[in-house]
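Residues: numbered from 1 along the sequence shown. These numbers were taken from a predicted model, which means no experiment stands behind them.
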Amino acid sequence: MRGANESRVSEFLLLGLSKEPQQQHLLSVLFLTMYLATVLGNLLILLAISVDSRLHVPMYFFLGNLSFTDICFSSTTVPKMLANHILGTQTISFSGCLTQMYFLFELADMDNFLLAVMAYDRFVAICHPLRYSTKMTQQLCALLVAGSWAIASLHALLHTLLMAQLSFCADSAIPHYFCDVTPLLKLSCSDTHLNEMMILTEGSLIMIAPFICILASYVLITCAVLRVPSTKGRWKAFSTCGSHLAVVSLFYGTIIAVYFNPLSSHSSEKDTAATVMYTVVTPMLNPFIYSLRNRDLKGALRKMMGRTRYS
């Protein structure tokens with residue numbers, strides 16, 4: 001009987017965030033607004049970094065890569081949801097679903113790695129300021145970003161190939177607005193223990209190793225800052241890390257809530273709320289967090305806006 005209910009489905013149904021048409025309209029307008037804010041905010045940061053020579057330093061090189069990743073991250077899910085709403089359809093092809101899942105894994109990993117690299121950059125800047133220029137060279141920065149892309153791509157490919165091997169039941173409705181791994185595993189009629197084991201082992205390693213690097217960096221930063229004799233000097237050192245810490249807390253809090261629990265403990269409502277946070281809200285807030293707390297970036301943005309008005 002089980003084999004009769006299994007099939008190689010050609011498409012899935014994305015049920016979205018609400019079954020009520022009126023709520024769907026409101027949510028679509030809200031998501032469109034947040035998506036436009038995400039793209040505009042991160043593009044402004046990219047433009048400010050590219051045109052202001054004072055920002056051509058490792059810290060802003062990594063921030064520019066984070067902004068680019070956040071634009072791509074939101075673009076993986078939100079446009080498809082808005083297109084389905086406008087066209088009055090809920091379908092996504094099997095290959096499209098796996099492609100979406102691949103980029104979600106890859107771009108989430110990139111956010112993860114970039115946050116770790118940025119923490120290391122702050123550690124070198126605060127704990128070894130005299131050797132900062134010799135340690136954080138252009139070659140090392142490029143290697144860190146290129147290595148992050150390579151590892152993220154391989155990790156995403158592994159989980160996408162594992163998902164492609166599964167069979168799915170006749171019910172192909174995903175109670176979500178994109179193809180996330182947890183609801184897909186719940187729909188499968190195959191044995192998903194290998195997929196779950198890889199998420200909880202290899203996936204955990206990919207997420208936890210950078211997180212440990214971030215914690216270690218900030219422990220060392222805190223020890224170094226506490227040795228600074230003046231209160232003003234301590235505050236100045238900590239203020240350079242405040243934006244990064246806020247983004248780290250938002251990102252890791254929601255990722256851990258969604259993925260690092262047993263599959264049986266998940267509920268679609270909680271998972272959806274958490275994934276909205278890290279796929280839409282966090283990429284939208286990142287440029288505001290960094291620009292509002294960063295004097296150099298605010299100066300570059302004002303300078304760029306002034307040039308635009310003058311021209």
Side-chain angles (χ1 to χ4, degrees), residues 17 26-83 100 103-104 106-119 121-122 145 148-149 152 177-178 239-255 273-311:
L17 296 170
L26 290 173
L27 287 169
S28 296
V29 172
L30 178 62
F31 270 62
L32 176 60
T33 304
M34 290 193 293
Y35 177 66
L36 292 176
T38 299
V39 173
L40 179 61
N42 284 291
L43 276 178
L44 284 174
I45 284 185
L46 283 169
L47 287 171
I49 292 171
S50 63
V51 300
D52 195 324
S53 59
R54 294 175 303 170
L55 302 184
H56 294 173
V57 294
M59 174 182 172
Y60 296 105
F61 172 71
F62 298 132
L63 178 57
N65 276 275
L66 183 66
S67 293
F68 172 75
T69 302
D70 282 341
I71 292 172
C72 297
F73 199 19
S74 288
S75 299
T76 304
T77 57
V78 179
K80 176 60 179 174
M81 186 199 76
L82 295 174
Q100 191 179 62
F103 283 109
L104 280 169
E106 182 182 37
L107 295 166
D109 287 345
M110 274 307 297
D111 265 352
N112 184 29
F113 294 145
L114 286 170
L115 290 174
V117 168
M118 292 169 80
D121 173 73
R122 292 298 83 208
V145 172
S148 297
W149 277 111
Y177 67 98
F178 64 88
S239 65
T240 64
C241 306
S243 302
H244 183 255
L245 280 171
V247 173
V248 166
S249 302
L250 273 173
F251 180 77
Y252 281 102
T254 51
I255 288 283
T275 50
V276 167
M277 282 296 298
Y278 82 83
T279 58
V280 182
V281 177
T282 301
M284 179 188 69
L285 291 179
N286 283 354
F288 295 102
I289 292 171
Y290 278 105
S291 61
L292 290 174
R293 294 182 59 88
N294 189 300
R295 186 182 303 171
D296 292 335
L297 194 54
K298 283 193 289 186
L301 287 169
R302 281 196 293 265
K303 186 178 178 181
M304 187 176 66
M305 295 296 183
R307 285 179 180 174
T308 304
R309 285 197 210 98
Y310 179 76
S311 61

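Contact check for F73 versus T38: no side-chain heavy atoms found under the 4.5 Å cut-off. By the 4.5 Å heavy-atom criterion applied to side chains, F103 and C72 are not counted as neighbours. Residues I71 and L43 are in side-chain contact: their nearest non-hydrogen atoms beyond the backbone lie under 4.5 Å apart. Between Y177 and K80 the shortest side-chain heavy-atom distance does not fall below 4.5 Å.
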Trace of the side chain to side chain contact (heavy atoms under 4.5 Å, CB included) decision for V145 with V117: CA-CA 8 Å; V145 172; V117 168; 5.8 Å; no

Trace of the side chain to side chain contact (heavy atoms under 4.5 Å, CB included) decision for E106 with W149: CA-CA 8 Å; E106 182 182 37; W149 277 111; 3.8 Å; yes

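Considering CG of D121 and CG of L114, their distance stands at 11.5 Å, rounded to 0.5 Å. Interatomic distance, F62 CZ to L115 CG, rounded to the nearest 0.5 Å: 12.0 Å. Taken from CG in L32 to CE in M81, the straight-line distance is 8.5 Å, to the nearest 0.5 Å. Between atom OH of residue Y252 and atom CG of residue N112 there is a gap of 3.5 Å, rounded to the nearest 0.5 Å. Of the inter-residue distances, the one linking M118 atom CE with F113 atom CZ reads 15.5 Å to the nearest 0.5 angstrom. To the nearest 0.5 Å, atoms CG (N42) and OG1 (T69) are separated by 9.5 Å.
Across all their heavy atoms, I49 and G64 have their closest contact at CD1-N, 3.7 Å. Taking all atoms of both residues into account, the shortest heavy-atom contact from A37 to M284 is CB-CG, 4.0 Å. Pairing each heavy atom of L55 with each of A48, the nearest pair is CD1-O, 3.7 Å. The shortest heavy-atom contact between P283 and S74 is CB-OG, 3.6 Å. Nearest approach of M34 to V280, heavy atoms of both residues: CE-CG1, 3.6 Å.
The side chain to side chain contact (heavy atoms under 4.5 Å, CB included) test with F178 is passed by exactly one of T76, V78, T279: T279.
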